[in-house]
K.L.:
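Below you'll find the structure I mean.
The basis for the numbers below is simple: all heavy atoms, side chains too, and nothing from hydrogens, waters or symmetry mates. Keep in mind it's a predicted model, so treat the numbers as computed, not measured.
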Amino acid sequence: MKITEIRIHLMGEERLKAFASVTFDDSFVVRNMKIVEGGKGVFLCMPSRKLPDGSHKDMVHPINQEFRKYLEENIIKAYQEELAKNQGGNSSEPEDKGPDTTEACLPVADK
C-alpha cells in the first residue's frame, strides 16, 4: 500500500498544529489525522472517537511498525513542507472535521 497524496490543513493552534488527509493507492482516504505539538516534539494522532466512558479509541491505525514508520515519516515531511510554504501561517479548517478526534496519539521522532 502506497501513499499517493497527503493534504495538510494547518491549524496554527498552541498544541494542534495540523490535520492530515492521506490517500492510499489513489483509492482510499483517511481523514482527520492530527499533528500535535508535545513536550518532546510533534505527535501523529490517529482519527479517534470518544466512547461513552470518556476514553478514546482509534478508528484506524497501522498494523505493523514498518508501515507506522512509513506513514509517520511521510506525513511529518508533508507537514514541514506545508509550514515552509506558508511560513507558519494558518489555513482554514479541514473540509470534514468528523467525530471528536481528541487524544489517542502516538509519538513521532523528537525534533
Side-chain angles (χ1 to χ4, degrees):
M1 182 177 284
K2 299 286 183 196
I3 295 172
T4 51
E5 181 179 36
I6 300 175
R7 290 185 182 210
I8 300 294
H9 305 280
L10 297 175
M11 299 305 291
E13 297 178 12
E14 184 177 336
R15 287 202 43 173
L16 176 61
K17 298 302 182 184
F19 281 95
S21 295
V22 182
T23 304
F24 299 93
D25 296 331
D26 290 319
S27 301
F28 185 79
V29 67
V30 176
R31 291 192 172 119
N32 296 323
M33 291 184 201
K34 295 189 308 182
I35 299 170
V36 176
E37 182 73 38
K40 296 182 180 180
V42 291
F43 288 77
L44 179 63
C45 301
M46 293 294 112
S48 64
R49 59 183 264 184
K50 191 172 186 176
L51 300 176
D53 68 2
S55 65
H56 290 83
K57 182 173 179 102
D58 286 352
M59 297 174 69
V60 298
H61 59 87
I63 296 296
N64 59 54
Q65 200 61 28
E66 179 183 18
F67 191 76
R68 179 182 303 271
K69 183 178 178 186
Y70 169 72
L71 188 62
E72 290 173 348
E73 287 175 351
N74 283 280
I75 291 172
I76 297 304
K77 179 181 176 190
Y79 165 68
Q80 291 168 339
E81 289 170 357
E82 190 68 22
L83 273 180
K85 272 193 333 192
N86 289 287
Q87 299 175 352
N90 186 12
S91 69
S92 61
E93 294 264 336
E95 301 128 25
D96 175 18
K97 202 166 181 187
D100 182 6
T101 58
T102 55
E103 304 312 316
C105 301
L106 53 107
V108 179
D110 293 345
K111 286 185 178 177

K.L.:
Taking all non-hydrogen atoms of both residues into account, name the closest pair between Ile3 and Asn74 and its distance.
P.N.:
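What the structure gives for the nearest pair is CD1-CB, 3.8 Å.
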K.L.:
Can you tell if the side chain of Lys69 reaches within under 4.5 Å of the side chain of Pro62, non-hydrogen atoms only?
P.N.:
no
K.L.:
Distance check, rounded to the nearest 0.5 Å: Asp58 atom CG versus His56 atom NE2?
P.N.:
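That separation rounds to 10.5 Å.
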K.L.:
Sequence neighbours left out, what passes side-chain contact (heavy atoms from CB on, under 4.5 Å) with Val60? Give chain and number order.
P.N.:
Val30, Pro47
K.L.:
List in chain and number order the residues that pass salt bridge (Lys or Arg N to Asp or Glu O under 4.0 Å) with Lys77, two or more places apart in sequence or in another chain; answer none if no residue qualifies.
P.N.:
none
K.L.:
Do Lys17 and Met11 make a side-chain contact, defined as non-hydrogen atoms from C-beta onward lying under 4.5 Å apart?
P.N.:
no
K.L.:
Report the distance from atom CG of Asn32 to atom OG of Ser48, rounding to the nearest 0.5 Å.
P.N.:
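It is 9.5 Å, given to the nearest 0.5 Å.
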K.L.:
If you compare all heavy atoms of Met33 against all heavy atoms of Met46, which two are closest, and at what distance to 0.1 Å?
P.N.:
SD-CE, 4.2 Å
K.L.:
What are the two closest non-hydrogen atoms of Met1 and Phe67, and how far apart are they?
P.N.:
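Shortest heavy-atom separation between Met1 and Phe67 comes out as O-CE1, 3.9 Å.
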K.L.:
For Ala18, what residues pass the side-chain contact (heavy atoms from CB on, under 4.5 Å) criterion, not counting sequence neighbours?
P.N.:
Ile8, Leu10, Ile35, Tyr79
K.L.:
Mind checking whether Tyr70 and Lys2 have side chains closer than 4.5 Å, heavy atoms only?
P.N.:
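Answer yes - side chains close enough.
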K.L.:
Does Asp26 have any side-chain hydrogen bond (donor to acceptor under 3.5 Å, both in side chains) partners at least two apart in sequence or in another chain, and if so, which?
P.N.:
Thr4
K.L.:
Salt bridge between Lys85 and Glu82, side-chain N to carboxylate O under 4.0 Å?
P.N.:
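The answer is yes: the pair qualifies as a salt bridge.
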K.L.:
To the nearest 0.5 Å, tell me how far Leu71 CG sits from His61 NE2.
P.N.:
12.5 Å
K.L.:
Sequence neighbours excluded, which residues qualify as salt bridge (Lys or Arg N to Asp or Glu O under 4.0 Å) partners of Glu5?
P.N.:
Arg7
K.L.:
Taking only residues two or more places apart in sequence or in another chain, which ones pass side-chain hydrogen bond (donor to acceptor under 3.5 Å, both in side chains) with Asp53?
P.N.:
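Partners of Asp53 under the side-chain hydrogen bond (donor to acceptor under 3.5 Å, both in side chains) test: Ser55.
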K.L.:
For a 4.5 angstrom cut-off between non-hydrogen side-chain atoms, does Thr23 reach Phe28?
P.N.:
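Counting from C-beta outward, Thr23 and Phe28 never come under 4.5 Å.
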K.L.:
State yes or no: do Ile6 and Val29 share one hydrophobic cluster built from I, L, V, M, F, W and Y residues joined by side-chain heavy-atom distances below 4.5 Å, directly or via other members?
P.N.:
no
